[in-house]
Each structure stands twice: as structure tokens, then as C-alpha cells.
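Data first, discussion second: the structure below is written as C-alpha cells.
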There are 2 protein chains.
Amino acid sequence: MQTQSIPDLSPTHLSQLQESIQNTFGIINTQELNHIIELFKWKPIKKGEIILRTNQNCQAMYFILSGYIRVFVETADKEVTQWIAYQNYFLTDLASFMFDKPARWTFQALTDAEVYMINKDEYNRIKDFVPTWPEIERLFICHCFTTLEDRVFSHLSMTAEERYHYFFQNNKELFNQVPLQYIASMLGMTAETFSRIRRKYPF
Amino acid sequence: MQTQSIPDLSPTHLSQLQESIQNTFGIINTQELNHIIELFKWKPIKKGEIILRTNQNCQAMYFILSGYIRVFVETADKEVTQWIAYQNYFLTDLASFMFDKPARWTFQALTDAEVYMINKDEYNRIKDFVPTWPEIERLFICHCFTTLEDRVFSHLSMTAEERYHYFFQNNKELFNQVPLQYIASMLGMTAETFSRIRRKYPF
DNA sequence: TTAATTTCTTGATTTATATCAAGTGGCTAC
DNA sequence: GTAGCCACTTGATATAAATCAAGAAATTAA
């Protein structure tokens, strides 16, 4: 995993990261924010490129500027897509990043993409100059936790069709941007079932 | 929600909480540990008692000393059990506890139980006298996150029978202690399906 | 101890979803 | 522009799991 950083970061991208950090992590003062942002490095990713493989050690956290990145794992009989991340998502293999375990997931770009990346050591330095960072991070992770809780609940209480609608409502743009088979897998159904549900609800 | 605290805590229970905090949150010195433990109050719970209702504000975190507590929610057509917590679990409605949102879940004791409880204000004071607390808490929540990630994965990649085996392997004792219909629901299957799977694997 | 209630099991049937197989359409690369 | 590939659709069929209904077993209450 190599980083191609370019000396002058695009102002548009910088403000996208700034805004997202503000929105996601709450109010931080400008000086602190700039300090955080300096630790991130810009990196372009080609369609199809794999930026993390299952069982590697995930040393980086990514912030996605543009493009679509699929989170999946190969099992004995099929590939299981766990999530598709896109603009303004923070992306990492948490178990690996936090606990130095082998990564569960593989990250592959479904389109050309641009990310900011920050490696673990630099990430861990943030708290040294942003005193409120631990609290901010705590709330962020708790938020991620409750999102996953909802997702478990969707599998305990909804049919494939209900999961489809629920997800479609909140992620319409994704349906034009990535192969639908991956969305199907992520929702826990086959591509065929997904296709049949779609036919019932043309848009 | 009221707390009946008794003046002299049982040494056995105290050490159970101590040990669990040590195991779960890593090394803390004895003085800090004692300080944390003083903030918890002992509370007995009767079988059937509901200690949190959906849409209430969850002001407490519980540490379970003994007994079984079911986490569930009523939907339009059925009750969905999300989890069953027992000895040495920390239990709260995270979205409510952290973000003051209405609780998603209802907590009901399936057996008589004993818990230590700590309210939100006291919980938030821990970091004032345990400097390493935020870091400890971060790792704990990340661990919970990855557990949920596994659970989502189980619904994307496993059959009902596989989920049954996977869960049974790791939670054998639960099967003798609580009505099986709740375990079925928590694994995303009906009680009938659960019963038929069990018949195939008598033990 | 017996009655009442709850939980679990079993069978018959239906429904949802997966699987298999074939074909269509679109995109990409030469 | 055409060949080849990949994604998607569609139909036929198989399978997993839900539902419905009844009864048996276990637990709780009187």
C-alpha cells in the first residue's frame, strides 16, 4: 500500500474533508482542524484496484473524496459484500486498525476514486493536539455501532423486499453507480431476487 | 427506574465486577478500580421485570452479576429479540445512553437477576479520575462494533442452521436457562424452525 | 396435587428465496 | 465495428423457512 501524495492539495477536496470532519465529529477549532487535515495524504485509486486484502494488517483509515469502494470477503462458496462506501465515508477495517488483527475485509474500488488516507501512527497522534478528540471519536464510534445495530435488526425483522426498500430510500444514488449484484449481496439476497424485486417497482 | 442499594456489597460480587472490568477494559490500578466500583449500585431484579422500555430515556448502564435479561422490541406484527445478556455483560441502550435519544429497546429480566447499575452522570465522571479511561472505553466500544459486524456477516452468508450452530458453540449454557423462542428470534428464525434444527442435533 | 399457563414439538401446507440455466443487452478493447 | 466479457433479466425448479394448527411437555400458580 503506497501513498502518492501531491504537494498542493485541491482546496475543494480540503474543504470537503474539513466539512465532513466538522459534521461527523462536531465542532473543532480551525487550528486543530488544519492540524488534523495535514496528517491526511491524498491518493488516487484506479477502478478495480484493491487497497486492502483480507488477512493483511490494515494500517490506514481512508476518507473517500469521490468514487465507490466495495468492502467484501471471499467465503468458501461465494463472495460476500459487506458494505459499499462512497463520498464522505470514513473507511477502515476496525478490528485490524484498532487491534492489529488480520483484516477481515478486502477493499476494492468499483470506480476510479480519490481518498485521503491517514496511517495508524498519525491517527493516534491526533489526540495529542486535539484535547477533545477522544470524546469526539467516542461519539463517532457509538454512532457507527447504532447503525450496525439497525442493520442486524433489519435481518431479524424484515423480508428481502423490505430491506430493499429501506436501503433504496436512503441510498438512491448508489443504484446508478455500482453493479447491482454487490448491493444485492450487501442486503443479504441473490442478484436474481434483487432483480425481481426491482421489476415490481420500476422508477 | 429506581435503585435499591444495600450498604454492604457482597465481596463475591465486587470481585466479579472488578475482574470483569479488568478483563474487559484492560489494566487499571487498584485505586482507580475501587473508585469506579464505588459509583455502581447493586440492584436486584425480579423475573419478568422491565427495567427499560422502548422510547424511554436510558439513563443507566448495567453490569449483570447473575440472571438473564432480554433485549427486544415490539414491531407491528411480532416481538423481535435483539440480544440476551447475562453474567458479566455490560448492558445499555447505547443510542439513548450516549445521545439522549429515545431507547430503541426494552430490557426484561427472563429470570431473577442481580445487576450493578451506574447512571449516566456518574459514568461520565469516571474519566475525571481514571486518565486512561477514554482509551479503555474506545477499545471496548470498538470490540462491540466488530462483534456486531460478525453478526451482520452471519446474516449475509449463513443459513438458519449455520447460525444456530455458530451461536450454540459459543453460548451453550444459555440453552438451558431461557425460553428457546427468544434465542430463535435473536438468530432470525421462528421457534418452529429452531425446534426442527434442534431435533436434527440431539445432545 | 392439580389446574392453568406457557413453551416446545410436530405435521401439513404455503411462501419466500435460492439455484440452475439460458438468453439479452451494454460496454470495452482491439 | 465487431468480438468478448460482464451485468442483468427471466423462467423453471428446488429448497429453506414461515405459517397455521394441534397437541405434548414443562413450568407456574392455586
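Every chain is numbered from 1, with letters handed out A, B, ... down the list of sequences.
Look at OH on B/Y164: it is 14 Å from P on D/dA17, rounded to the nearest Å. The separation between A/F175 atom CZ and D/dA7 atom P is 17 Å, rounded to whole Å. In this structure, B/K200 atom NZ and D/dA17 atom C1' are separated by 12 Å, rounded to whole Å.
In this structure the side chain of A/D112 never reaches within 4.5 angstrom of the side chain of A/E49, judged on heavy atoms. Under the 4.5 Å side-chain criterion, counting only non-hydrogen atoms from C-beta, A/V73 is in contact with B/F153.
Figure legend: A/R163 and A/Y166 shown without cation-pi pairing, the cationic atom not lying both under 6.0 angstrom from the six-membered ring centre and within 45 degrees of its axis. Cation-pi geometry between B/K127 and B/F129 is not met at under 6.0 angstrom from the ring centre and within 45 degrees of the axis.
Between A/R104 and A/T54, the shortest heavy-atom contact is O-OG1, 3.2 Å.
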Notebook entry, point to check: Reading nucleotides 9-22 of chain C 5' to 3', which nucleotides get B (base under 4.0 Å from a protein heavy atom), which S (sugar-phosphate only), which -?
Noted result: BBBB----SSBB--
Notebook entry, point to check: What string of B, S and - do you get for nucleotides 22-30 of chain D 5' to 3' if you count protein non-hydrogen atoms under 4.0 Å?
Noted result: ------S--
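Ring geometry, A/F63 versus A/F90: the interplanar angle falls from 30° to 60°, so the pair is classed tilted. Using the six-membered ring where Trp is involved, B/F175 and B/F194 have ring planes that are parallel, under 30° apart on the 30 and 60° scheme.
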Check: What's the verdict on side-chain hydrogen bond (donor to acceptor under 3.5 Å, both in side chains) for B/Y182 and B/Q108, showing C-alpha distance, side-chain angles and the deciding distance?
Finding: CA-CA 12 Å; B/Y182 301 132; B/Q108 181 177 38; 5.6 Å; no
Below 3.5 Å is the cut-off: list the nitrogen or oxygen pairs between protein and nucleotides 23-25 of chain C, distance only.
none

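The pair B/K43-B/E114 does not count as a salt bridge, with every side-chain nitrogen at least 4.0 angstrom from each carboxylate oxygen.
Applying the 6.0 Å contact sphere to CD of B/Q31 captures no more than 12 heavy atoms from other residues, nucleotides or ligands.
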